[in-house]
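Quick one: the structure is below, questions incoming.
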Amino acid sequence: MNEPITLNEHVKRSGHAEAAELAIVITQLAVAGKIIARELARAALVGQLGTTGETNVQGEPVKKLDIWANDVVVRAMEETGLVTTLVSEEMAEPLRLTKTGAHGRYVVCFDPVDGSSNLDVNGIVGTIFSLRKGRETVQPGTAQVVAGYIMYGPATLLVLTTGDGVDGFTLGPTIGEFVRSHHQIRIPARGRVYSVNEGNSTKWEPGVRRYIEYLRAADVATGRPYTARYVGSLVADFHRTLLEGGVFLYPADAMGGKPSGKLRLQYEAAPMAWLVEQAGGRATTGRARIMTIHPATPHQRVPLIIGSPEDVALAEDFIAGRK
Ligand code: AFP
C-alpha cells in the first residue's frame, strides 16, 4: 500500500521548478476529468450519446460528448489564468485564451474524449493532455513539461509525468480526490501482448506485416506466440501496455489512405511517448523517435509503435529490414 497522497500534493512536492503553477493546471485538468467521468456514467440516461451530425477537423463523426467535454476542458483551462493557447482534436484552429493576460505561460494540447467510437457501447475512453511552454502551437514532444491521461474505466485513473517518472492516481468515488495508487510505474523490458488493428493488415508496409507474423508464430524460447489485445481506444490500449508490457502499433497505411497513420502527434503520440520513455519504454514511428519530431501543423498525424523497449526495438529491426 502506498502512502496516501493526493494528486495536488504529489505535484507540489515534485521539486519541479514550476511545481506551484503546474499543480494549478493539473488540478484543473483533474477537475475537468471528474466532471467528464460523472457525465459518462449517466450519458445514456440524459441523451448525451450519439453524434451531432457534424465531422471534426480529422473528417471523423463528432459525438455529442466530444463537443461537451471539449468545452469542459476549455473552461477549466481558462480558469487557471496560466494557459495562453489550446490545441484540441475538436477545434479546427488553436484557441487563444484572451482572459489569461500577462500570466499565460503554457500551451495545452488535448483530446477531450479519445476513443469516442467506444462511447455508444459503454467502452473505455480517455482524456489525453500535454503542456508545453509559451504560445507556439506546434512544438516537439521534447518541449513537454507535463503529459498524461485520464482513463474512464471501472475506476477513473489519472496517469501523469512531469519528467520525474510516471505515477497513477485513482479517483476515490466517495472522497472525490485523485489519490496516488501507482507509484513510479516501470514498463517491463519485454511483454507477451501485441495490440494493433489487424483489420488494416493488408495496408501495412512489408516490415510491419512480417513483424506481426513473427509475433504470432510459436516459439517457446522467445515467448511466442504473443497474445492479441485491441480496444480501439488509445488510452486503454496504452495503459495496459504500460503496466503489462508488450507493444502497441498504429502503423502507416502504406497503400494510400493514411500514409502517416491515424494518431495525432501533439495530443496522442507525443504525450504517450514521453510517458513510456519516463517508464523505461520506447516510442517510434518505426524509423524515428516520436519525441523529437517537429510537427508541421497542430493536427499532424504520425505512425506510432510504442511499448516495452525490447519489443519496440525488434519492430524497428523488421521495418529496417535487419530481421
Ligand atoms: P476515435 O476517437 O475516433 O474512436 O479514435 C480513437 C483513436 O484515435 C485512438 O484512441 C485509437 O487507438 C485509434 O483511434 C483506433 O483506430 P481504429 O478504429 O482505426 O483502430
Side-chain angles (χ1 to χ4, degrees), residues 36 40 43 48-70 73 87-92 109-130 147-153 157 159 193-204 208-209 212 228-242 246-273 275-276 283-286 290 295 298-307:
I36 294 169
L40 290 173
Q48 275 277 52
L49 295 181
T51 58
T52 62
E54 323 234 299
T55 52
N56 66 12
V57 63
Q58 323 286 346
E60 296 153 355
V62 175
K63 305 271 182 181
K64 290 182 201 168
L65 276 166
D66 281 327
I67 296 301
W68 179 88
N70 187 69
V73 178
V87 175
S88 163
E89 189 194 9
E90 301 307 331
M91 300 190 291
C109 301
F110 67 101
D111 186 349
V113 185
D114 188 63
S116 54
S117 61
N118 287 280
L119 281 172
D120 295 345
V121 296
N122 197 30
I124 292 177
V125 294
T127 300
I128 307 175
F129 54 86
S130 166
Y149 55 86
I150 305 168
M151 177 177 178
Y152 309 104
L157 181 66
V159 175
V193 176
Y194 74 97
S195 186
V196 66
N197 184 342
E198 288 202 84
N200 295 330
S201 61
T202 55
K203 304 174 195 163
W204 299 337
V208 173
R209 275 211 299 274
I212 298 297
R229 292 278 185 278
Y230 192 72
V231 176
S233 179
L234 178 63
V235 167
D237 285 315
F238 175 77
H239 187 69
R240 184 196 55 251
T241 307
L242 181 69
V247 60
F248 170 90
L249 307 90
Y250 209 111
D253 169 354
M255 306 303 166
K258 294 176 193 155
S260 304
K262 178 183 180 191
L263 302 181
R264 280 57 56 127
L265 176 56
Q266 295 212 99
Y267 41 83
E268 290 186 308
M272 297 317 197
L275 286 162
V276 87
T284 172
T285 63
I290 295 287
H299 298 291
Q300 179 175 322
R301 297 178 195 263
V302 73
L304 177 65
I305 302 174
I306 190 164

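One-based numbering, in listed order, for ligands and for the atoms of each.
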If you measure every N/O of Asn200 against every N/O of ligand 1, is any gap under 3.5 Å? no

Counting C-beta onward and ignoring hydrogens, is there a side-chain heavy-atom pair between Val113 and Lys63 closer than 4.5 Å? no

Run the side chain to side chain contact (heavy atoms under 4.5 Å, CB included) test on Leu65 and Leu49 for me, step by step, so that the C-alpha distance in whole Å, both residues' side-chain angles and the decisive distance to 0.1 Å come before the verdict. CA-CA 7 Å; Leu65 276 166; Leu49 295 181; 4.2 Å; yes

Taking distance alone, with no angle check, do Glu89 and ligand 1 share an N/O pair under 3.5 Å? no

Short question: side chain of His299, backbone of Gln266 - any donor-acceptor pair under 3.5 Å? no

Could you walk me through whether Ile124 and His239 pass the side chain to side chain contact (heavy atoms under 4.5 Å, CB included) check? CA-CA 11 Å; Ile124 292 177; His239 187 69; over 6 Å; no

Regarding ligand 1, does Leu234 bring an N or O atom to under 3.5 Å of one of the ligand's N or O atoms? yes

Using the side chain to side chain contact (heavy atoms under 4.5 Å, CB included) rule, take Glu90 and Val62 through it: C-alpha gap first, then chi angles, then the decisive distance, then the call. CA-CA 8 Å; Glu90 301 307 331; Val62 175; 4.2 Å; yes

Would Asp114 and Glu268 satisfy side chain to side chain contact (heavy atoms under 4.5 Å, CB included), going step by step from the backbone distance to the final call? CA-CA 9 Å; Asp114 188 63; Glu268 290 186 308; 2.4 Å; yes

Over 60° means perpendicular and under 30° means parallel, so classify the ring planes of Tyr149 and Phe238, tilted if in between. perpendicular

Considering non-hydrogen atoms of the protein only, which is the closest contact for atom 19 (O) of ligand 1, and what is the distance? Tyr250 OH, 2.6 Å

Numbered in order shown, the ligand 1 atoms found under 4.0 Å of a heavy atom of Asn197 are 17 (P), 19 (O), 20 (O)

If you measure from each non-hydrogen atom of Ser233 to ligand 1, which part falls under 4.0 Å: side chain, backbone, both or neither? backbone

Numbering as shown, the atoms of ligand 1 that approach Gly232 to under 4.0 Å (heavy-atom distance): 6 (C), 11 (C), 15 (C)

Among protein heavy atoms, which lies nearest atom 15 (C) of ligand 1, and at what distance? Tyr230 OH, 3.3 Å

Heavy atom of Asp114 under 4.0 Å from ligand 1? yes

Determine whether more than 12 heavy atoms belonging to other residues, nucleotides or ligands lie under 6.0 Å from atom CG of Asp120. yes

Which heavy atom of the protein is the closest neighbour of atom 1 (P) of ligand 1, given with residue, atom name and distance? Ser116 N, 3.6 Å

Looking at ligand 1, does any of its N/O atoms fall within less than 3.5 Å of an N/O of Gly115? yes

Closest heavy-atom approach to atom 14 (O) of ligand 1 among Lys63, Lys262, Glu198, Arg264 is made by Lys262

Applying a heavy-atom cut-off of 4.0 Å, say which part of Asn118 lies close to ligand 1: side chain, backbone, both or neither. neither

Keeping the roles fixed (side chain from Asp237, backbone from Val231), state whether a donor-acceptor pair exists under 3.5 Å. yes

